[in-house]
Protein chains: 4
Amino acid sequence: MRSEAARAAILQATVRLVQDRGYDRLTIEGIAAEAGVGKQTIYRWWPSRAALVADCLLGGLLLRDRFELPNTGNLRDDLVAWVSSIFELLGKPQGEMLMRSLIAAATENVDVGLRLYESLGTDSSLTGRLQSAIDASELRPDAPLDEMREALVGAVILRALSRLPAGEGVAERLVDVVLGSATA
Amino acid sequence: MRSEAARAAILQATVRLVQDRGYDRLTIEGIAAEAGVGKQTIYRWWPSRAALVADCLLGGLLLRDRFELPNTGNLRDDLVAWVSSIFELLGKPQGEMLMRSLIAAATENVDVGLRLYESLGTDSSLTGRLQSAIDASELRPDAPLDEMREALVGAVILRALSRLPAGEGVAERLVDVVLGSATA
Amino acid sequence: MRSEAARAAILQATVRLVQDRGYDRLTIEGIAAEAGVGKQTIYRWWPSRAALVADCLLGGLLLRDRFELPNTGNLRDDLVAWVSSIFELLGKPQGEMLMRSLIAAATENVDVGLRLYESLGTDSSLTGRLQSAIDASELRPDAPLDEMREALVGAVILRALSRLPAGEGVAERLVDVVLGSATA
Amino acid sequence: MRSEAARAAILQATVRLVQDRGYDRLTIEGIAAEAGVGKQTIYRWWPSRAALVADCLLGGLLLRDRFELPNTGNLRDDLVAWVSSIFELLGKPQGEMLMRSLIAAATENVDVGLRLYESLGTDSSLTGRLQSAIDASELRPDAPLDEMREALVGAVILRALSRLPAGEGVAERLVDVVLGSATA
DNA sequence: TTTTAACCGAGACGGTACGTCTTGTCTTATA
DNA sequence: TATAAGACAAGACGTACCGTCTCGGTTAAAA
């Protein structure tokens, strides 16, 4: 019978440590100590620290609602707001580190990678928002939604890797590039 | 006086080991052994293994000419060919591992990140190619080149993280998304 | 819960290596390899290689019964036999190296020093033998036993440091010097 | 052409470092730095750090005149004074460390060992003093001077290894033990 | 109700790699 | 041409974690 208390403590400890020190300084021993748990309890349920991060991400513990994609009826505005909020996070040292931690975890774990691939680990509202834009005739019915999403999310990931601050207008231009071919 | 022989041996050993086993199994001790070099000689000149990878990338030792961006005069065809060749590499286990290795290194080292940011670590011909497309009136003079590049390269990075095979037509649609707003 | 198997393997490996190569070429890594043990298992229980040697000495693993002090009823003969047997050991390269190893360890570790101080690391029968000589009226009741022991053992230590072969009659003269003032 | 300045600087640096930090923390690199000299200059002229210490000892740089054996005409008093002065040195932390440093060096280098063997590294006046005691009929003509010296010096060495403070009367009793058989 | 089997915390174990330190050799440039 | 300066290959240092493996000490279901 699995102990739910232990499970929760482990995931929370993981979140705390990733946010405080980053993925590369995250250790199983550190998590066990922080969670007040034996190492074996971690190894019993997760195969690697990357899988732990994946679980945190899945449970919404790492990016919960941070980047809710709004739906005001104006797709461009919504996307710009969303991208801007992410860029804002990247502007803070801890936010930038968190994003890089997720990317690092993704290089080791498919689940994390897939989770990022669908809108940056958030409740993948991006696909839904684009689809609803088609329904509202804001986008052409044959717009390549997947590729648009990949371009948008990918640009954000790449920005995080570059560690460059996103200057004025970057979010707008990025959204325009992505929407360009697909708007009426 | 720095030994050029040692420097070259270290970089080559790094390239070999990254390609064979991936970044996460790359160790300083392994590099030193492979290069026939003392560990201190590595630590004397590089602060971390990520910096070593950055140097390899800079020296063109890791991706040299792998993704030469052609210039046939037709921008769309050129970009599709370039993206396709990258997708092809990602289809092979070793190629995928190499790309993920670079991304992992980028999460630890700004230089690697910047190098990826400008066209995927290749001799950043992408910017030049886009500029020449403006000159040839293939693109609008005010096309947001940087954001176009970010979207394109970012999509490729993200694809690597997702480990999903790039299906039929993905390269084309991706290029079309990116070029959409800027052509004609 | 400490592993007795590991403890024994480590001490035995230490003994073997000290005897084969001497204290100055004794390394923690070498002991760990020889014992088939992780380095941390050594560091967990001993603070230094000198402490390891002290433990071996204490456990009788290094000089066990090598220099049993006989008790024939004739103190002078017994001491001469004992000193001679030590000089004989010092005549062999390995024996000399072992003795110098112990002295070297003693310079770094009090316990080894004390163990040498009381009769050369052997089960300190020397004090007992001298006491029984008083009881048998072979020595004056007020004979300064401690100083006699120090003089005798010290002379042996010093001989080991000098690396000079102990010539004919040295053992006898040494014992006579030490016993001189204390024999009826 | 050997640089006398370098030679002196090296020996003085050795003395300083041995006295300050002890033999086990004495390194060739440290000496070179302290002396403002290249390492090669040391290796060119001395085979090991123990040989360096031997040279310092020989040159009187380490124990110069520290333990001058007096000659008042009363052998016992002279020896007691000499042993007491050594015990006094051993009572100070730095003096004890210095003596242990010499012993440690002796385990690695014959010259140091021999130097200790003949009266503790001092200008070997001990033998001379004993001889003159014979001449003055303070000792029997056939007294075993060598063994007496070994017993006395050895006891002091051993005391240093034991790190035990020499209590009241130890010096006297020690001298009496050694002189016992040879007086009157 | 008692057994028993799984899970728990704790942490020792054999290992690997870390980044530092020192060794003794070598090369360079300085004077 | 002997130096100081210091790079080099080698390898030990002591530390940090890895993933596996006992330990006893709770639980909770099965007997």
Side-chain angles (χ1 to χ4, degrees), chain A residues 1-7 9-10 24-49, chain B residues 1-7 9-10 24-49, chain C residues 1-7 9-10 24-49, chain D residues 1-7 9-10 24-49:
Chain A
M1 176 95 351
R2 178 164 187 179
S3 155
E4 183 52 34
R7 186 189 132 87
I10 290 165
D24 54 341
R25 290 203 278 164
L26 181 71
T27 68
I28 298 283
E29 298 211 329
I31 295 169
E34 176 85 9
V37 136
K39 278 164 58 175
Q40 196 56 250
T41 302
I42 297 180
Y43 282 112
R44 194 167 5 244
W45 305 110
W46 291 274
S48 66
R49 71 191 174 137
Chain B
M1 179 110 330
R2 178 163 187 180
S3 155
E4 182 52 33
R7 186 190 131 89
I10 289 166
D24 54 343
R25 290 204 277 163
L26 181 71
T27 67
I28 299 283
E29 298 211 330
I31 295 168
E34 176 85 9
V37 136
K39 278 165 49 172
Q40 196 56 47
T41 303
I42 298 180
Y43 284 110
R44 188 158 22 237
W45 304 110
W46 291 275
S48 65
R49 72 193 172 132
Chain C
M1 179 117 325
R2 181 165 185 178
S3 155
E4 182 52 33
R7 187 189 131 90
I10 289 166
D24 55 341
R25 290 203 276 163
L26 181 71
T27 67
I28 299 282
E29 298 213 328
I31 295 169
E34 176 84 8
V37 136
K39 278 167 44 173
Q40 196 57 47
T41 302
I42 299 179
Y43 284 111
R44 189 158 20 234
W45 304 111
W46 291 275
S48 66
R49 71 194 174 133
Chain D
M1 173 86 8
R2 179 166 187 177
S3 155
E4 183 52 34
R7 185 189 134 87
I10 290 166
D24 55 341
R25 291 204 277 164
L26 181 72
T27 67
I28 298 283
E29 298 213 327
I31 295 168
E34 176 84 8
V37 137
K39 278 164 58 176
Q40 197 56 247
T41 305
I42 298 179
Y43 282 111
R44 198 170 357 250
W45 305 110
W46 291 274
S48 66
R49 70 192 175 136

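Here the structure is a predicted model, which is why all the values come from computation and not from measurement. The analysis underlying the following values was restricted to heavy atoms, covering all of them including side chains, and did not include hydrogens, waters or symmetry mates. Labels below follow one simple rule: chain letters A, B, ... track the order of the sequence lines, proteins then strands, and each chain is numbered from 1.
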**Item:** DNA chain F: 5'-proximal contact among B:A32 and C:G30 (nearest heavy atom)
**Value:** B:A32
**Message:** Testing the basics here: between B:A6 and B:S3, what is the closest heavy-atom pair and its distance to 0.1 Å?
**Reply:** N-OG, 3.0 Å
**Request:** Specify the residues of residues 40-49 of chain C, ordered by number, for which at least one heavy atom lies under 4.0 angstrom from an atom of DNA chain E.
**Result:** C:Q40, C:T41, C:R44, C:W45
**Request:** Figure out the CD1/P separation between C:I28 and F:dG11, and round it to whole Å.
**Result:** 18 Å
**Asked** Out of curiosity, B:T27 OG1 to B:E34 CD, how far, rounded to the nearest 0.5 Å?
**Response** 10.5 Å
**Prompt:** What's the shortest heavy-atom distance between D:I28 and D:K39, and which atoms?
**Reply:** CG2-CG, 4.5 Å
**Asked** Of the nucleotides F:dC13, E:dC13, F:dC8, which one has an atom closest to the side chain of B:R2?
**Response** F:dC8
**Taking every non-hydrogen atom, the tightest pair across C:A9 and C:A35** = O-CB, 3.5 Å
**Prompt:** Starting at CD1 of B:I31 and ending at P of E:dA17, how long is that distance when rounded to a whole Å?
**Reply:** 12 Å
**Prompt:** Taking the side chain of C:A6 as heavy atoms from C-beta outward, which of F:dT3, F:dC17, E:dG14 is closest to it?
**Reply:** E:dG14
**C:W45 and C:R7, any side-chain heavy atoms less than 4.5 Å apart** = no
**Closest non-hydrogen atom pair, C:G38 against C:A32** = C-CB, 4.3 Å
**Whichever of B:E29 and A:S3 has its nearest DNA chain E nucleotide further upstream toward 5'** = A:S3
**Message:** Could you tell me how far apart D:D24 (CG) and E:dC21 (P) are, to the nearest whole angstrom?
**Reply:** 17 Å
**Asked** Mapping A:T27 and B:E4 to their closest nucleotides on DNA chain F, which lands nearer the 5' end?
**Response** B:E4
**Message:** Could you measure the distance from the CG atom of A:L26 to the CD1 atom of A:I31? Nearest 0.5 Å is fine.
**Reply:** 4.0 Å
**Request:** Please state how far atom CZ in D:R25 lies from atom C1' in E:dT23, giving the value in whole angstrom units.
**Result:** 19 Å
**Prompt:** Among all residues two or more places apart in sequence or in another chain, which pass the side-chain contact (heavy atoms from CB on, under 4.5 Å) test with C:S48?
**Reply:** C:A50, C:A51
**Prompt:** How is A:G36 classified with respect to the nucleic acid when contacts are heavy atoms under 4.0 Å: base, sugar-phosphate, or nothing?
**Reply:** sugar-phosphate
**Item:** Among F:dC17, F:dT20, E:dG19, the nucleotide that comes nearest once only the side chain of B:K39 is considered
**Value:** E:dG19
Using nucleotides 25-31 of chain F, report all nitrogen or oxygen pairs with the protein that are shorter than 3.5 Å.
none

